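Right, one structure below, let's go through it.
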2 protein chains.
Amino acid sequence: MEFSESAGTGHAILESLPAGLRAHAAGQAQRLSLEAGQIVFRAGDHCQGLPLILSGSVRVEMTGLSGSRIVLYRMGPNDICTLSIGCLMTGHGYRAEAYVEEPSEAVLIPRPTFERLMDESRDFRLAIMSSYGRRLDDLMLLVEEVAFRRMDQRLDEWLVRHGGKGSVAITHQELAGELGTAREVVSRLLKELERKGQVRLARGRIDVVSVKKPSD
Amino acid sequence: MEFSESAGTGHAILESLPAGLRAHAAGQAQRLSLEAGQIVFRAGDHCQGLPLILSGSVRVEMTGLSGSRIVLYRMGPNDICTLSIGCLMTGHGYRAEAYVEEPSEAVLIPRPTFERLMDESRDFRLAIMSSYGRRLDDLMLLVEEVAFRRMDQRLDEWLVRHGGKGSVAITHQELAGELGTAREVVSRLLKELERKGQVRLARGRIDVVSVKKPSD
DNA sequence: TAGGTGTCAGTGACAAAGTCACACAGGGTT
DNA sequence: AACCCTGTGTGACTTTGTCACTGACACCTA
């Protein structure tokens with residue numbers, strides 16, 4: 001809680017600032033404690049400042065006209081909410097929603113402070129740019145996934161990545177959101193995997209037994 | 001060709017620089033003349049500098065494992081090749097390809113010059129950031145399109161936007177690339193539109209008669 | 001402990017889109 | 001005219017998306 005602690009519990013991008021700027025930023029920043037399930041922003045919301053994630057995990061997803069959802073990416077410790085930068089600079093509202101997955105700590109840098117940091121710190125600029133680069137990459141990968149890859153392979157991959165060993169606690173509905181498809185599709189594919197003995201299904205849980213590699 | 005011309009035929013982002021920096025940038029920049037059909041970069045290529053488009057049009061697209069393609073976005077006069085920034089900064093290769101659509105003029109800013117401009121010009125920084133913001137937005141829109149919208153509606157929209165009045169010179173294969181689908185799907189949907197009298201089809205050309213709005 | 005109430009999962013039927021294979025057409029060249 | 005390349009049309013089949021509905025499970029309350 002005390003600022004003396006903030007060096008230890010701070011954000012990498014702030015740590016890299018020279019002492020004077022860091023003190024300025026710390027003084028202006030607003031600290032946020034986010035509870036699991038809480039909504040950080042909604043589509044259409046306007047941006048109050050640049051959120052820096054200190055700890056926990058925040059999921060960013062988009063909702064289509066029909067109400068279908070897809071997870072765009074996640075933010076974790078030392079991440080920057082890249083989307084906010086665009087909103088800050090253009091004044092447009094957000095085009096996505098952000099949900100807290102694990103209880104998180106964050107700081108909100110007000111716009112004038114953000115601009116001052118951009119002007120005065122090379123390291124800050126580099127961090128912002130590299131964050132942008134990563135998001136752009138993430139989204140290009142996602143476009144490729146969604147446009148070209150088969151759902152069964154994407155599901156297999158997801159299972160290997162998230163439940164490689166044991167079991168994952170997730171509903172079919174949520175998993176559909178991860179992949180940008182419909183719940184029924186996930187249910188069918190999972191059932192098929194269960195028939196082949198590669199997973200066992202329980203309410204809200206998937207036990208991964210052995211998911212095949214694409215080479216199989 | 002002469003540098004004295006470069007003020008008139010230059011790039012908005014360079015115009016906004018103070019005289020000293022502008023001269024430096026002009027001195028370091030390499031001028032490129034790109035012919036229609038030429039490839040600006042391929043997936044995996046490494047980035048030599050930041051391309052600024054002066055005139056013409058460049059298409060950026062991605063190729064899936066299967067060879068399917070999708071157009072990500074286009075760059076026109078006064079645009080910045082946002083993708084290159086990430087490649088410049090991380091040293092990674094490109095993940096997409098860029099093709100010249102209309103003969104274009106561009107300048108290539110070498111990395112050290114790019115970094116100096118970032119360090120010394122606030123306007124330059126703002127332009128770079130806003131370019132990033134736009135690309136991120138474009139890609140989010142594209143994800144939504146591809147993941148959630150129906151192909152017939154997307155095709156209708158494309159036809160209205162690009163051939164609203166008369167006719168478009170494009171093959172079904174190219175149009176499939178614009179939408180990120182297969183040629184056969186485009187052929188079938190177009191044939192259906194022709195049956196309904198909304199378009200007339202010729203080899204390499206589509207005459208748009210009257211494409212329905214979603215409300216019809 | 002029985003019943004009530006949400007959420008979660010399974011499934012059939014059908015529509016939309018992607019894939020594969022191949023036939024055919026248009027417009028140029030030789 | 002015969003040839004060839006590219007572009008287009010189409011049938012058959014698979015995969016994915018949508019709709020409608022049923023049943024299963026977990027938890028709460030009486």
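Here the structure is a predicted model, which means the values were calculated and not measured. Computed over heavy atoms, backbone and side chain alike; hydrogens, waters and symmetry mates excluded.
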Who passes salt bridge (charged side-chain N to carboxylate O under 4.0 Å, His left out) against [X], sequence neighbours left out?
| X | result |
| --- | --- |
| B:R42 | none |
| B:E174 | none |
| A:E178 | A:R74 |

Euclidean distance, atom [atom1] of residue [X] to atom [atom2] of [N] [Å, nearest integer]:
| X | N | atom1 | atom2 | answer |
| --- | --- | --- | --- | --- |
| B:R205 | C:dG27 | CZ | C1' | 14 Å |
| A:L193 | C:dA9 | CG | P | 15 Å |
| A:L190 | C:dA9 | CG | P | 9 Å |
| B:E194 | C:dA25 | CD | P | 15 Å |
| B:E192 | D:dT8 | CD | C1' | 16 Å |

- Taking only residues two or more places apart in sequence, or in another chain, which ones meet A:R188 in a side chain to side chain donor-acceptor pair (under 3.5 Å)? none

- Message: The criterion is side chain to side chain donor-acceptor pair (under 3.5 Å); which residues satisfy it with A:E184, sequence neighbours excluded?
- Response: none

Pairwise side-chain contact, [X] with [Y], heavy-atom cut-off 4.5 Å (strictly under):
| X | Y | answer |
| --- | --- | --- |
| B:M118 | A:M129 | yes |
| B:I109 | B:Q28 | no |
| B:L142 | B:I70 | yes |
| A:L193 | A:L155 | yes |

- Note on the structure: Applied to residues 131-184 of chain A, the ring-ring contact (aromatic ring centres under 6.0 Å, His included) test, sequence neighbours excluded, yields A:Y132-B:Y132, A:W158-A:H162

- Mind jotting down which residue pairs meet the ring-ring contact (aromatic ring centres under 6.0 Å, His included) criterion with at least one end in residues 59-108 of chain B? Sequence neighbours excluded, please. B:F41-B:Y94

- Message: Taking 4.0 Å as the cut-off, does a side-chain nitrogen or oxygen of A:H172 come that near to OP1 or OP2 on C:dT7?
- Response: no

- Which residues within residues 95-103 of chain B lie with some heavy atom under 4.0 Å of an atom in DNA chain D? none

- Message: Filter on side chain to side chain donor-acceptor pair (under 3.5 Å), then keep only pairs touching residues 139-152 of chain A, sequence neighbours left out; what's left?
- Response: A:E145-A:R149, A:E145-A:R154, A:R149-A:E157, A:R150-A:D152

Distances for protein N/O vs nucleotides 23-26 of chain D N/O pairs under 3.5 angstrom?
unit_1, atom_1, unit_2, atom_2, d
D:dC25, O2, A:R203, NH1, 3.2
D:dC25, O2, A:R203, NH2, 3.2

- Query: Hey, what bend do you get for the helix from C:dT1-D:dA30 to C:dT30-D:dA1 if you fit axes on five pairs at each end, rounded to 10°?
  - Reply: 10°

- Message: Between A:S55 and A:S104, does the side-chain hydrogen bond (donor to acceptor under 3.5 Å, both in side chains) criterion hold? Intermediate values first, please.
- Response: CA-CA 5 Å; A:S55 66; A:S104 305; 5.8 Å; no

- Note on the structure: Under a 4.0 Å heavy-atom criterion, the protein footprint on nucleotides 11-22 of chain C, written with B, S and -, is BBB--SSBBBB-

